[in-house]
Each structure stands twice: as C-alpha cells, then as structure tokens.
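The chains referred to below are lettered A, B, ... by the order of the sequence lines, with proteins before strands, and numbering in each begins at 1.
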Amino acid sequence: MLDKRYDPKAVEQGKYQTWKEKGYFTAGDKSKQPFSLVIPPPNVTGKLHLGHVMDTVPDDIIVRYKKMMGYDVLWVPGMDHAGIATQAKVEEKLRKQGISRYDLGREKFLEVAWDWKKEYANTIHEQWAKIGLSVDYTRERFTLDEGLSEAVKKVFVTLYEEGLIYQGEKIINWDPELRTALSNVEVLHSDDEGEFFYFLYDIEGTSEQIVVATTRPETMFGDTAVFVNPKDPRYAKYVGHNVINPANGESIPLMADPYVDVEFGTGAMKCTPAHDPNDFLLAKKYGFPFIKVLDESARMNEKAGEYQGMDRYECRKALVARIKEQGHLQKIEKFVHSVGHSERSGAVVEPMLSKQWFVKMKPLAERVLAQQASPDKVEFLPARFEKVLLRWMNEVDDWCISRQLWWGHRIPAYHNELTGETIVSMEAPKGEGWKQDEDVLDTWFSSALWPFATLGWPHKTPDYDRYFPTSVLNTGYDIIFFWVARMVFQSEHFTDKAPFKTVVIHGLIRDEQGRKMSKSLGNGIDPIDVIDHYGVDALRYFITTNSAPGLDMRYSDEKLQAAANYLNKIWNATRYVEMTLGEDYVPTNIDRKALGALEKFILSRLQATIKKVQSKMDEYNFLAASGILYDFVYDDFCSFYLEMSKVSLAKKEDEATVKAVLYKAVREIILMIYPYCPFIAEELYLSLPGHKDSIMLESYPVYDKALHSPKAEKLGALLNAILSDVRGYKSAKGLAPNASIRLAFDKAFPFKGIEDYLGRFLFASEVKENASLRGDAFVYEDTTLTIEEDVDVETLRASLLADEKTLLFEVSRGEKMLGNPGFLAKAPKEKVDAEKEKLSANQAKLAAVRARLDELK
RNA sequence: GGAUGCUUAGCUCAGCGGGAGAGCAUCGCCCUUACAAGGCGGGGGUCGUAGGUUCGAAACCUACAGCAUCCACCA
C-alpha cells in the first residue's frame with residue numbers, strides 16, 4: 001500500500017536510471033509518425049539554473065505527451081561550447097592562478113578549456129537526470145564535435161563562395177577586456193551617467209572660436225574634421241575654414257553635412273572615423289583617413305603622443321586637465337547617455353575600425369521575410385513574437401562573425417605568407433607558406449545550425465531524412481535574436497526549409513520581488529535546492545503552470561508548496577482507490593449498462609476533462625491544460641465522486657461498477673498529470689493493478705463520446721448544490737456541520753437512496769420525499785428542498801423574498817436578452833439556446849418560490 | 001526616438017466578447033478510517049482612468065497615466 005504521505009525523494013529514487021536503461025528515451029520506431037525537437041543547448045559554463053528548467057521542462061512535457069499520443073518522438077540533447085562565455089570563465093580561472101591565456105599559448109589553453117567542458121558536461125548530465133528530461137542520449141551532440149564542426153566549415157565555405165561571407169574593415173564593437181570583436185547583439189546598452197565636455201576650437205584666419213562637445217575626448221587624437229549642419233546660420237560663415245584640434249594642435253577642416261543635428265549639443269561635431277560608426281560613414285563620404293588611437297586593450301597608441309600607453313580613461317582625465325589649463329575647456333556637463341557594455345566581460349565596448357569576417361545579411365534576411373509571408377512560415381506561440389523576428393530581419397546589419405578567441409571553430413580561411421593569397425576551404429591547402437586564420441567563429445554561428453547539423457547535415461542521414469524539419473522549438477523571448485533568427489535563416493538557406501514548424505516562446509523567471517535573477521544581485525535560485533525541498537515534480541509543475549504563455553513569472557515558495565500539495569492530493573486519492581479496490585483487484589471493463597447516475601456523472605466529467613486538456617496540450621498551453629485537470633481532480637473527483645463512492649460502496653450495491661469507475665478515473669488522472677510530473681505519476685501508476693512495466697509505455701486517455709453527456713452531469717450538479725446549500729445554511733444558522741437536520745423534498749428525488757448520501761454528508765436524520773413542505777427552502781429547477789427546523793416564518797419569508805428578488809432579476813435579464821432582436825439575430829445559436837434554457841429554469845424556480853410564499857400566507 | 005507587454009480580491013496571478021476566477025493570506029466550524037501538506041463553509045473586487053464600438057465590454061478600438069522589457073549610430 002502507498003504511504004500516507006507523498007515523499008518526493010523516495011518517489012524520485014532510481015526512476016530516471018531505469019527509464020534510461022530500458023531505452024525509453026530512444027527514438028526510432030518506424031511504425032509511428034515522427035515528431036522531433038532539439039534541446040536549447042545549455043552553455044558549458046556552469047550549472048543549470050531555473051532558466052534552463054524553463055527551457056527544457058516544457059519540451060519534456062511535449063515529448064512525453066506526444067509519445068503517449070503515438071508518435072515516434074526524438075528529442076536531441078546537446079550542449080553549446082559557448083565560445084566567449086566559456087573562454088571568459090576559463091580565463092578567469094587562470095587569472096586566479098596568476099596566469100593569462102598568452103602564458104599558456106593556444107594549444108595548452110584549449111586543453112584547459114576541454115577539461116572545463118568535461119567537468120561541466122558531467123554536471124549538466126546529472127541535472128538533466130534530476131529534472132527528468134527524456135532526451136535521446138544516443139544522439140547527443142556538442143557544438144564543437146566533429147559533425148558540427150564539419151557543418152560549420154561547410155556553411156562558412158559555401159557562404160564565402162556565394163559571396164555572402166566577406167572580410168572587411170569596418171567599425172565593430174571591441175571588447176578591450178577579452179580583446180575580441182563582438183556582434184551587435186553581444187553588446188548590452190545601458191543609460192550611464194557620463195560627462196559632456198565642451199571644448200573651444202580656434203578657427204584659423206579669424207579670432208573666433210567654435211565650441212565642440214564630446215563624451216570621449218581621448219578619441220580626439222583621431223579626429224579628421226569638425227562638422228556642422230549646412231543650414232545652421234551660426235556657423236555658415238566659418239565653413240571652409242580650418243580649426244585647431246585642442247588635443248594635438250592639428251589643423252582640421254570645418255565642414256558642413258546635413259547629418260549633423262542642429263539642436264544637439266552645440267551643433268558642431270567632431271569626426272573620428274576610426275572610432276565611431278557614423279563618423280566612419282562621413283569619412284568615407286569625404287575621403288578622410290581612418291586614424292586609430294587605441295590598441296586592443298583600449299590603451300592609447302602612438303597617435304596620442306605623450307599619452308601613449310595610457311588607459312583610455314586616464315588619458316581622458318589628463319587630456320581634459322591639460323586642455324583646461326590651456327584655456328580651451330568651456331564647461332563640463334553631466335550627461336546620461338547610452339553606453340555599450342560587453343555581454344560577457346561587462347567592459348565598456350569601444351567602437352573600433354577593424355578587419356573582421358562578416359556575413360552579408362540582407363539576402364538571407366529577405367529569404368526569411370518571404371518565407372514568413374508564405375504558408376510555410378514558422379508559427380510563433382504567442383503569435384506576437386513573430387514581430388520580434390521580422391523586425392530583426394528588416395533592420396539587421398551585417399553580422400560580424402570573427403572573434404579573436406581560441407575556444408571555438410577556427411575559421412577555415414588560409415593565408416599564404418609567401419604569396420599573400422587567401423583561400424577559404426574545408427581542407428588546409430597543400431604547399432608552402434599556408435597558415436590558418438587565427439580567429440574563431442562567433443558561437444552563434446554554430447548554434448544557428450543546431451536543428452539540422454545535429455541530425456547529420458550536410459549528409460543525408462536517415463535521421464535527417466526522418467526528423468528534419470523539427471516539429472517544435474521551445475525557448476525564451478530573450479534569445480529570439482541570438483538564436484531563433486539565426487537558425488531560421490541558416491536553415492532556410494541551406495536546407496530550403498524552416499527548421500521547425502512552431503516556436504513556443506516562454507517568459508523569464510524572476511525572483512520573488514519580480515527582479516531579474518542575476519549574479520550581481522545574488523538572487524539566483526538553484527533548482528537543486530528547490531528539488532530537495534519540494535521535489536522535482538512540484539518544480540516542473542510550478543514552472544509550467546504559473547504564467548500565461550510568453551509572460552514572465554515570479555519564483556514563489558508558496559506556489560511550489562501549492563504544487564506539492566496538489567501532488568499529495570493525487571497521491572492520496574490514488575491511495576484511497578487502491579485501499580478500496582483491495583489487494584487482489586483485477587481491472588475489468590466497465591459494464592456500461594450497469595452505470596449508476598453518479599458513475600455516469602463522473603465519467604462524463606472525465607470525458608469533458610480529457611477533451612479539453614488534450615486540446616490545450618495540443619496548443620502547448622500547459623497552464624490552461626493543467627488548470628482543467630486540477631479542477632476535475634479537486635472538485636469533481638476528490639470532493640464529490642470519491643466521497644460519494646464511500647456511501648455507494650458501503651451499500652454494497654453496484655460495487656463492481658463503482659470500483660471499475662474509481663479505477664478508471666484515478667488511472668486517467670495519473671496519465672494526464674504524467675507529462676508534467678513523471679516521477680510521482682510513475683510511482684502511482686506502478687502501484688495500480690494491471691500496469692505495464694512503466695507509464696512510459698502507456699497511451700493517453702481517449703475521449704469517449706458515448707460517456708460524455710451533459711444530461712448525466714445534471715444530477716451531480718444538483719447534488720453538489722444541495723450539499724453546498726445545506727452546509728452553508730448550517731454555517732449561517734450557527735449550527736455545527738455535524739448537527740443533525742431533517743430534510744424534505746416536495747417530490748420524489750430523482751435518485752434512489754438519496755437519504756444515505758444526505759445522511760452521511762449532511763447528517764440528515766430524516767429525508768422525506770413527496771412531503772408537504774415546512775421550513776427553510778431551497779428551490780432547484782426540478783425540485784424543492786426544505787429543512788425542517790423550527791420554523792421562524794418571518795426569517796423564512798425574508799429569505800424567500802430575497803430569492804424571489806434574485807430570480808426576478810435573472811428572469812428579467814433573460815427576457816430582455818431574448819426579447820432583443822439584435823441578440824437573437826447576431827448571437828451564436830448555442831448561446832441563444834443556453835439562454836432560453838436558463839430562462840425557463842429560472843422561471844420554474846421563480847414559480848416555486850412564489851408558491852412557497854403563498855403557502856406562508 | 002521606435003516597439004511590445006503589464007495594470008483584475010490583502011499578495012502572486014489566470015480569464016481576453018455572453019453572468020467576476022485560482023493559489024496563498026483572512027474569518028468560522030471540523031483530528032469524518034485517502035489526504036491536517038487536510039475537509040467544509042464564509043468574507044473580500046465600480047477588472048488603472050476617460051471616451052468609443054456592440055443587443056451585450058474586464059475582454060475590442062482610441063486617448064491618457066503608471067510599471068516593466070526590447071530595439072536604435074544623438075556626437
């Protein structure tokens with residue numbers, strides 16, 4: 001027999017190992033329809049956090065559900081080498097030992113990085129097991145493994161040959177701490193308080209000065225001009241003169257270009273072609289040179305003269321002091337502006353001219369835009385997230401893909417030092433003088449290939465044929481740009497297909513105050529702690545059922561407790577059923593002819609539940625699906641039918657039928673909760689008679705139309721209303737719940753043996769039928785119930801008058817609605833019918849209430 | 001400067017065209033042999049504000065306010 005309490009630790013013990021060993025996670029049953037997904041590969045940078053649970057548990061629910069629905073489901077697991085993130089971590093570790101990556105050299109450094117990867121891969125595997133992910137380990141991949149590396153090379157070479165990858169000198173985002181280029185999405189902008197420096201520039205040939213404002217004085221060593229707007233009357237007369245750069249005394253032209261905003265600052269802007277993207281464009285337009293003043297660590301170079309070797313901020317300070325001394329500083333203002341920080345190192349990113357590899361995005365993005373306008377588009381859930389993709393595709397700049405790192409896919413480009421040639425190819429060219437490009441690729445370059453490269457592409461493998469394109473992808477809205485967008489365009493370009501049919505987008509998990517979980521706040525929550533406390537099933541249930549699709553949610557101990565309580569409820573309901581069935585119960589088919597009214601009721605409710613839950617599961621709406629099941633479990637099954645069954649069984653009539661119904665109901669509840677909470681479901685399932693080796697071999701409950709009958713639900717609803725009314729009556733009268741009470745119905749109650757049920761649940765000492773009524777009354781559609789207490793006529797009349805008033809309101813509402821031609825013409829037929837039925841029921845009730853009032857006269 | 005989301009019971013959130021819901025908290029009564037991590041009952045809401053559309057609006061539209069997030073090259 002099951003323990004009295006649900007103990008998550010005991011329940012979780014060993015199950016995952018068994019599932020894995022028995023091969024339940026392995027796909028490949030060719031007799032079934034394929035259904036596939038890929039895991040959002042976690043970075044090998046550390047332990048899993050709650051965000052990963054959110055990324056993977058919905059997938060696991062889908063996988064387990066679809067398996068029960070008869071699909072051959074493949075869920076491909078794997079991990080991401082996470083180039084820059086991992087390298088940053090490894091470098092940090094080395095730094096603590098007092099060494100830098102340059103001390104080690106490339107090869108040694110990579111050895112350390114691979115050791116790191118192995119260590120964290122183990123941790124991640126353990127955590128997947130703990131969370132219960134049913135991934136197919138026989139197909140696990142890593143972004144740096146051989147197959148993925150081949151795919152990466154193939155993509156790079158092909159895009160290069162198509163002219164979609166090129167090497168160019170452009171302004172890129174430079175992380176001076178990690179000393180690498182970054183893509184736009186790896187730069188996080190924040191509004192930081194800085195200073196706005198107003199400098200006086202002498203205008204040559206006049207005794208006038210012009211004021212130029214800047215936030216980055218140290219870049220003045222690279223200035224090639226000062227610009228004003230041609231329409232700016234203040235400066236028109238000076239255009240064409242030269243001005244003196246107060247940083248280095250150089251004479252540079254004062255020019256006019258409409259790019260300059262008259263309103264902003266002083267309306268005069270310095271132009272630094274090598275350190276600002278806009279200035280870069282201006283310089284190209286006017287043919288200025290590009291003067292770099294910073295080195296790769298953001299220290300000043302030789303152009304800065306006496307400041308050479310100084311950190312950019314020290315230089316700024318010193319330079320401003322000197323200019324001030326020389327009388328060329330007008331003022332310094334506090335200034336809040338948007339500053340780019342490296343996503344990984346946090347360093348202030350420096351825009352810098354640099355030679356890098358780029359992907360030409362426009363043709364690739366246009367393909368996606370066209371596809372999204374076609375029937376083969378990727379469907380987003382919720383739909384609004386498609387806009388995020390479209391916006392990115394519409395605005396995207398060329399993608400800087402080279403990184404000056406070591407951990408990653410080395411770029412398959414080879415330079416010949418002797419001839420100066422460059423070749424891009426899968427293999428290193430033969431001959432003398434060839435050297436491979438030192439840089440590696442942006443980590444998202446490989447993750448972009450994840451859905452097809454993990455299945456064997458560029459080879460036409462059986463897995464690729466069978467499982468690609470994948471069915472669904474589940475991920476957070478925060479990486480639509482980083483990942484989803486890139487998978488979509490690479491997939492469409494290389495496989496001619498969208499990588500997945502549907503993308504399910506979830507929100508982020510926040511702390512209890514609604515703040516983002518972050519290292520610096522120290523408010524992160526370790527899923528392992530949560531599991532230790534509440535069990536993994538409660539965590540899974542909590543995280544998938546506590547926010548509407550696509551919205552953020554807050555972590556909440558309270559909700560986890562509620563989830564654990566719910567599971568305890570299911571546990572105990574099962575326990576009751578098993579105690580009732582007895583040790584040697586053998587499941588039998590239900591004899592439908594023998595069904596009593598209560599059995600018909602619960603079976604009908606069960607059908608309604610299966611139908612609705614399934615339809616919400618099919619929409620991947622786990623909040624809605626779980627809510628429907630929850631209501632059935634508590635209200636219909638536990639509070640009502642299960643209690644009723646105690647009386648039914650005590651009467652020994654229809655025992656076999658009642659048992660069969662209890663068995664069916666509890667079994668199907670377990671099957672429906674299973675995708676959410678596989679551990680407790682397996683435990684309970686295995687404790688039921690007539691089980692297979694594992695719940696993983698079961699199929700989903702099947703909706704049975706013949707058992708679904710709203711008519712059959714009426715009696716249950718009536719009984720429920722009576723229980724609730726009489727209990728409420730006792731409470732209002734100050735009677736104890738178990739106070740004895742006499743009940744009478746005006747006619748024969750439409751259910752045999754009602755007195756037994758009312759006796760047990762309402763402590764009715766007597767239940768009369770066809771009685772003349774005295775006492776407080778409850779009027780139902782087809783029957784009236786009175787409570788035969790000492791009658792206080794005035795109280796009774798007051799309560800009946802209150803009923804009458806309510807009913808009058810209801811009836812008039814119904815009459816008004818049904819008397820409205822607009823309503824009759826425009827409202828759906830079912831609604832009109834429902835209103836008609838409601839109206840006639842209310843009219844009947846009203847008549848009954850009035851009859852009672854008449855009797856009192 | 002653009003864009004999106006949110007605003008519903010004390011708290012956290014569902015609902016998103018046909019009679020205001022859940023969990024927790026609160027109050028009252030119950031150790032009833034599935035469950036006290038429980039049962040039963042109760043109280044608590046002009047659904048941010050103002051207009052509009054509709055037979056009917058918490059839900060749709062418009063404006064406004066507050067909060068949050070994303071994007072953007074204002075030197």
Among the nucleotides [options], which one has an atom lying closest to any side-chain atom of [X]?
X	options	answer
Phe823(A)	A34(B), C55(B), C73(B)	C55(B)
Phe481(A)	A75(B), C71(B), G18(B)	C71(B)
Met817(A)	G5(B), G18(B), A37(B)	G18(B)
Arg391(A)	A14(B), A3(B), C73(B)	A3(B)
Thr215(A)	A34(B), A75(B), C71(B)	A75(B)
Ala548(A)	G38(B), G15(B), U4(B)	G15(B)
Glu395(A)	C70(B), U4(B), C71(B)	C71(B)
Tyr634(A)	G39(B), U4(B), C35(B)	G39(B)

Phosphate OP1/OP2 of G23(B): any Ser556(A) side-chain N/O under 4.0 Å:
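Checking Ser556(A) against G23(B): no side-chain N or O falls below 4.0 Å of OP1 or OP2.
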
Asn820(A) vs G56(B): side-chain N/O to OP1/OP2 distance below 4.0 Å
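Result: no.
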
Side-chain donor/acceptor contact of Glu643(A) with base of A34(B) under 3.5 Å
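Indeed, a donor on one side and an acceptor on the other fall under 3.5 Å apart.
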
Record whether the side chain of Lys826(A) comes under 3.5 Å of the base of C55(B) through a donor-acceptor pair of N or O atoms.
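Answer no: no donor N or O sits under 3.5 Å from an acceptor.
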
Salt bridge (Lys or Arg N to Asp or Glu O under 4.0 Å) between Arg813(A) and Glu835(A), intermediate numbers included
CA-CA 10 Å; Arg813(A) 171 186 170 274; Glu835(A) 285 301 330; 3.4 Å; yes

Check the distance between C55(B)'s C1' and Arg813(A)'s CZ and give it to me in whole angstrom.
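After rounding, the reported distance stands at 12 Å.
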
Can you tell me the distance, in whole Å, between the CE atom of Met393(A) and the P atom of C71(B)?
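Rounded to whole Å, this separation is 15 Å.
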
From the options Tyr6(A), Tyr566(A), Phe542(A), Tyr676(A), select the one residue that forms a side-chain contact (heavy atoms from CB on, under 4.5 Å) with Asp537(A).
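The single option meeting the side-chain contact (heavy atoms from CB on, under 4.5 Å) with Asp537(A) is Tyr6(A).
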
Need one value for Pro821(A): base, sugar-phosphate or nothing, where a base atom within 4.0 Å counts as base even if backbone is also close, heavy atoms only.
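Result for Pro821(A) = nothing.
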
